[in-house]
J.: 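Input: one structure, supplied below.
Note that ligands are numbered from 1 as they come in the structure, with each ligand's atoms numbered from 1 the same way. Small disclaimer: the values here were computed from a predicted structure and weren't measured.
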Amino acid sequence: MFIRTKNLSYTYLAGTPLMVRALRGIDLAIARGSFTVLLGASGSGKSTLLQHFNGLLRPTEGSILIEGEPLKYGRRELRELRRRIGLVFQEPESQFFSETLFDEIAFAPRNFGLTPSLVQERVSQALRQVGLDDPALVNRSPFHLSAGQQRLAAIAAVLAMQPQALILDEPGSGLDQVGQQRLFSLLQQLNRAGVTVVVVTHRLEQIVPLADHFLVLHRGRLVLQGPPEGIFSRVEELHRCGLSVPPVMKLVEVLRKAGLPLSPALHSLEELRREIGAWWKGGDAP
Ligand SMILES: Nc1ncnc2c1ncn2[C@@H]1O[C@H](COP(=O)(O)OP(=O)(O)O)[C@@H](O)[C@H]1O
Ligand SMILES: [Mg+2]
């Protein structure tokens, strides 16, 4: 397992009247190379959990293991961890601080002491990966890019460290449909190239086809985890967790309960049409 947590709990402002128990007894496992989606209603603890994966928050109780090794919180260990596990915050562009796009992307590689030519290489590669490899853009202020370009630039800044895992907190929020689609196909490409992806998103219809593993948080507890088939067949449970299942998936569940031999993780009308078509032609209609 790449990332594992054991009985992880986190409490904000512990010991004060404002204390919030944000995570309780989380046991989860994220395999290397997987594409994991973290779901949960607002306030369920998603952002708090993600910030544990690269050591920004430290469990109040329990532990985190990275490839079987308990995470250590010394300066050097954290630096190494953050090179391996890149975290893209929600609205990451709000943290831009460089004068040019180039410098923004070059920040981490420079910080890790790479030579100027290696820095140049990393920046070019990261910009190419996100599709911002336009010579007209590199010297532009990152603040003068479009919203979609800014989001991609923020992701490129993390990719420039060539992390083994990319963790993203609602990366599509604030982007239009085209921007979101572009972002999700980038995540798919990265995942196919071997990068472990963990993403918080509410865009189920778009993300389900890409993901192989789901985690569902409800009020700080991990209530479901597993492959899509096991998650989206539990429409009522998801509903209790404040999650709305896309209408197509609800329809599939109703049809399955009525006895149609459909696969449980159908997520588009087109797939549903194809399966019903195949079943119909197969001649096993009642
Ligand atoms: N810095 C903070 N100080 C105190 N409480 C916080 C802080 N950040 C989050 N919380 C609380 O922790 C809980 C989980 O929050 P969060 O992880 O942001 O949830 P989500 O990302 O799922 O919306 C919420 O009750 C939230 O109010
Ligand atoms: Mg959040």
J.: Any Lys/Arg nitrogen of Glu80 or Arg76 sitting under 4.0 Å from an Asp/Glu carboxylate oxygen of the other?
T.: no
J.: State, with a plain yes or no, whether a side-chain heavy atom of Leu13 is found less than 4.5 Å away from one of Val20.
T.: no
J.: Find all atoms of ligand 1 within a distance of less than 4.0 Å from any non-hydrogen atom belonging to Val20, and give their numbers and elements.
T.: 5 (N), 11 (C), 12 (O), 25 (O)
J.: Looking at the Mg ion (ligand 2), is one of the N, O or S atoms of Ser47 less than 2.8 Å from it?
T.: yes
J.: I'd like to check atom 16 (P) of ligand 1 in this structure: does the protein have a heavy atom lying under 4.0 Å from it?
T.: yes
J.: In plain terms, say whether Glu253 and Arg256 are close enough for a salt bridge, that is, a side-chain N and a carboxylate O under 4.0 Å apart.
T.: yes
J.: Note the single closest protein heavy atom to atom 19 (O) of ligand 1, along with its residue, its atom name and the distance in Å.
T.: Gly45 N, 3.2 Å
J.: Which ligand 1 atoms are under 4.0 Å away from a heavy-atom of Ser42?
T.: 23 (O)
J.: Assess whether a salt bridge exists between Glu104 and Arg140, defined as any Lys/Arg side-chain N lying under 4.0 Å from an Asp/Glu carboxylate O.
T.: no
J.: Check Glu67 with Arg4, please: is the shortest side-chain N to carboxylate O separation under 4.0 Å?
T.: no
J.: Is any side-chain heavy atom of Pro227 less than 4.5 Å from a side-chain heavy atom of Phe214?
T.: no
J.: Which ligand 1 atoms, with their elements, are less than 4.0 angstrom from a heavy-atom of Thr48?
T.: 14 (C), 15 (O), 16 (P), 17 (O)
J.: In the structure I gave you, are the side-chain heavy atoms of Val88 and Pro171 within less than 4.5 Å of one another anywhere?
T.: no
J.: Considering heavy atoms of the protein only, find what lies nearest to atom 10 (N) of ligand 1 and give residue, atom and distance to 0.1 Å.
T.: Tyr12 CE1, 3.4 Å
J.: Tell me, which protein residue and heavy-atom name are nearest atom 18 (O) of ligand 1, and how many Å apart are they?
T.: Ser47 CB, 3.8 Å
J.: Report yes or no: does Gly43 have a heavy atom closer than 4.0 Å to ligand 1?
T.: yes
J.: Could you tell me if any non-hydrogen atom of Ala41 lies under 4.0 Å from any atom of ligand 1?
T.: yes
J.: Which atoms from ligand 1 have a heavy atom of Ala22 less than 4.0 Å away?
T.: 12 (O), 13 (C)
J.: Cluster question for you: counting only ILVMFWY and a side-chain heavy-atom cut-off of under 4.5 Å, with indirect links fine, are Leu166 and Leu183 together?
T.: yes
